[in-house]
Amino acid sequence: MNVAKEQRIEAELRKEAQESTKRPGRIAWLWMNMKGVRGIYIIAIFGTVVYNAMQLVVPHFSQKIVDEFLTGENAADNLVNHKDVFINLLIAMVALTIIRVVVVYCDCMTYEYVSQKVLYRVRNILFDKIQRQDMKFYNTYRTGDLMTRVTGDLDAVRHMLAWVIRMIVEAVVLVGSVSIYFFYMDWRLALSLLAVAPFILGIIVLFKNRVAPQHRLLREKLANMNTIAQENISGNRVVKAFAREDYEIAKFDKSNADYRDTNIQTAFTWLRYYPYIESFANLLGLILLVMGGAFLIAGEITMGQYVAFSGLTWAIANPMRQLGNIMNEFQRFAAASAKVMDIYYAKADIMDKEDAIDHPGRFKGKVEFKNVSFQYEDGNLPVLKHISFTAMPGQTIAIMGETGCGKTSLIHLIPRFYEPTEGEVLVDDINVADLHLKELRGSIGLATQDVLLYSDTIDGNIAYGDGNITREEVVRFARYSAADEFIARMPEGYETIVGERGVGLSGGQKQRISLARALAVKPSILILDDTTSAVDLETEKQIQHSLKELDFECTKIIIAQRISTTKDADNIIILKNGEIAEQGTHEELIGKGGYYAELVKLQMGSEVA
Ligand code: GTP
Ligand code: MG
């Protein structure tokens with residue numbers, strides 16, 4: 001399949017996943033995702049039918065050989081007079097076996113091809129989905145759990161296509177065609193052999209009821225183990241700092257053992273039913289021996305027919321034995337696909353409205369909060385209460401207040417990471433909820449409180465928001481954020497690769513790169529959440545100065561603890577328990593003698609004149 005076609009199908013499926021209001025059944029969902037490879041898959045199923053049918057023809061030939069050349073009345077004559085027929089039959093048997101091997105080979109390849117195609121496609125769609133989710137989603141799902149969904153769970157889905165369905169087809173074809181053949185030879189013997197089938201099916205149903213919850217549990221345990229591993233690896237510095245290696249090892253060991261035990265339990269569930277299945281499967285041989293023997297002695301069936309019967313009982317017995325395995329794998333698929341579909345059909349609450357307003361070109365950068373209140377969905381108290389203020393284009397607004405008073409929550413409403421529970425947030429007099437997220441967020445430069453850098457070069461990190469900017473520009477923004485100097489001093493300069501999450505850089509260095517990254521999109525609105533807290537006062541002064549000299553107009557909303565950062569702001573907002581306690585300029589607030597004036601007094605001695 002060519003790339004363009006694959007992309008078109010993927011886009012269609014994404015659209016479906018986005019818009020559908022009803023989740024289909026898991027098999028229907030699988031079928032839907034097989035778009036474009038369904039034809040090949042049906043050919044593969046046909047191939048399975050063919051090679052299994054071929055398997056049954058061999059005993060038919062052996063029956064002929066036995067009856068006509070070995071034990072029949074004229075066997076000796078036939079062997080002499082019709083030697084050519086005898087040899088032809090032998091050649092046909094060998095040829096059939098070879099052809100069968102080729103068909104099986106091609107068939108397996110086809111199943112594998114289709115299943116890999118679907119795996120690739122669904123994984124892409126899942127990643128796309130995960131990317132487009134809102135903050136709430138990331139607060140809900142643990143990283144390890146998400147990783148399990150796009151790896152292990154998805155592989156169980158692939159296994160369904162590549163193996164489980166093939167086994168089901170195989171079982172149906174074998175049992176079906178052998179039954180027909182048996183009935184054709186002698187219906188009474190056929191009926192006595194097939195009498196065991198209902199018992200086996202009954203056992204399988206009992207088994208299924210028992211094993212289905214086991215597989216759901218197993219899957220949870222795996223996700224749990226992955227989460228522990230992932231959190232431990234990304235938090236390894238904390239582990240080391242507290243010398244908690246042994247504790248972490250014990251924690252992982254426990255979860256690993258838990259997973260192993262659940263695995264063993266699941267396997268033992270099958271073992272509890274297996275003896276019954278095995279007994280019934282072996283009963284077939286006994287029935288054949290007793291009934292078939294009696295029929296043979298009574299002359300109701302020929303020796304050749306007896307050989308055919310006995311040569312084919314495996315074709316009923318084996319699928320019966322295999323049923324437990326198939327059911328096991330099917331339940332694994334059931335548990336995993338439910339998890340995959342959760343993400344596949346996840347809907348972000350925060351997305352573009354259908355009639356979102358187009359805003360081509362640059363925003364002026366006016367930001368207005370109109371009586372905004374906000375509460376986290378999982379929280380039980382409002383975090384922001386009746387917040388109103390306006391930042392005119394180009395102005396600088398500072399937000400201060402003690403820790404936990406709601407500063408970060410407030411600025412997260414501007415790029416619409418969350419939706420206010422009351423009131424509205426406007427950018428250029430348009431409610432942010434009415435704007436296209438891409439346009440809104442594209443015009444905001446945000447340096448978050450905890451800096452996250454990618455394992456990439458420093459250049460790549462700064463240019464993250466706009467891949468097209470030149471090295472000169474990257475350097476210019478690094479200068480604005482007082483980062484150029486230390487970057488230039490690094491052995492490979494802008495080409496230095498920073499480790500995962502920026503390992504290898506100091507806190508203040510990371511903050512400055514994050515500031516340069518926010519500036520590099522030339523935003524209309526620049527939001528800095530405690531971005532210079534780890535930077536020394538001298539460097540901070542330098543940054544303050546450059547922020548005033550930016551060569552593009554930009555409204556700045558700055559969260560800070562230091563008076564030195566905020567004193568020149570056009571408006572300083574003091575938040576207290578989610579409410580605006582005071583606001584005004586430096587002088588006005590000092591005049592008021594409130595929290596800000598206290599802060600000035602406190603910090604005076606050390607830094608502010
Ligand atoms: P500092 O960064 O420490 O200066 O605090 P802040 O003013 O930025 O506080 P922030 O806006 O992060 O948090 C305000 C309140 O909201 C706090 O009481 C937090 O516990 C709470 N909060 C923050 N994030 C979440 C969240 O994702 N879910 C819930 N339920 N509460 C949250
Ligand atoms: Mg904060």
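Ligands are counted one by one from 1 in listed order, and the atoms in each one are counted from 1 as well.
- Protein N, O or S atom count below 2.8 Å of the Mg ion (ligand 2): the structure gives 2.
- Ligand-side atoms of ligand 1 in range of S409: 10 (P), 11 (O), 13 (O), 14 (C), range being under 4.0 angstrom from any heavy atom.
- In this structure, the side chain of D145 does not engage the main chain of A223 through any donor-acceptor pair within 3.5 Å.
- Between the side chain of D529 and the main chain of I559, no donor-acceptor pair closer than 3.5 Å is present.
- Atom numbering of ligand 1 starts at 1 in the shown order; those under 4.0 Å from a heavy atom of N139 are 27 (O).
- The ligand atoms of ligand 1 that sit less than 4.0 angstrom from a heavy atom of Q449 are 1 (P), 2 (O).
- Taking the six-membered ring for Trp and thresholds of 30 and 60 degrees, F477 and Y480 have ring planes inclined between 30 and 60 degrees apart.
- Salt bridge R416/D134: absent, no basic N to carboxylate O contact under 4.0 Å.
- When hydrogens are left out, the protein atom nearest atom 30 (N) of ligand 1 is D378 OD1, 2.9 Å; that is the closest non-hydrogen contact.
- The cationic atom of R244 (NZ for Lys, CZ for Arg) lies less than 6.0 Å from the six-membered ring centre of Y247 and within 45° of the ring axis.
- Between the side chains of S337 and R26, at least one donor-acceptor pair of N or O atoms lies under 3.5 Å.
- Side-chain atoms of R476 and R479, non-hydrogen and from C-beta on, never get closer than 4.5 Å to each other.
- When hydrogens are left out, the protein atom nearest atom 8 (O) of ligand 1 is T408 OG1, 2.6 Å; that is the closest non-hydrogen contact.
- Taking atom 3 (O) of ligand 1 as the reference point, the nearest protein heavy-atom neighbour is T403 OG1, 2.6 Å.
- Taking the six-membered ring where the residue is Trp, Y344 and W29 present perpendicular rings, their angle passing 60° and hence far from 30°.
- Protein heavy atom in closest approach to atom 31 (N) of ligand 1: Y376 CD1, 3.2 Å.
- Within a 4.0 Å radius of atom 15 (C) of ligand 1, the protein contributes at least one heavy atom.
- Between H586 and I563, the closest side-chain pair of non-hydrogen atoms falls below 4.5 Å.
- Among protein heavy atoms, the minimum distance from atom 4 (O) of ligand 1 is reached at K407 NZ, 2.7 Å.
- Using cut-offs of 30° and 60° on the angle between ring planes, the pair F389 and F369 is parallel.
- Residues that satisfy the salt bridge (Lys or Arg N to Asp or Glu O under 4.0 Å) test with E598, not counting sequence neighbours, are K601.
- From the protein, the heavy atom lying nearest to atom 5 (O) of ligand 1 is G404 N, 2.8 Å.
- Using a 4.0 Å cut-off between charged nitrogen and carboxylate oxygen, E587 and K592 do not count as a salt-bridge pair.
- Each of the atoms 30 (N) of ligand 1 lies under 4.0 Å from some heavy atom of G379.
- Residue-to-ligand polar distances keep V383 apart from ligand 1: every N/O pair is separated by 3.5 Å or more.
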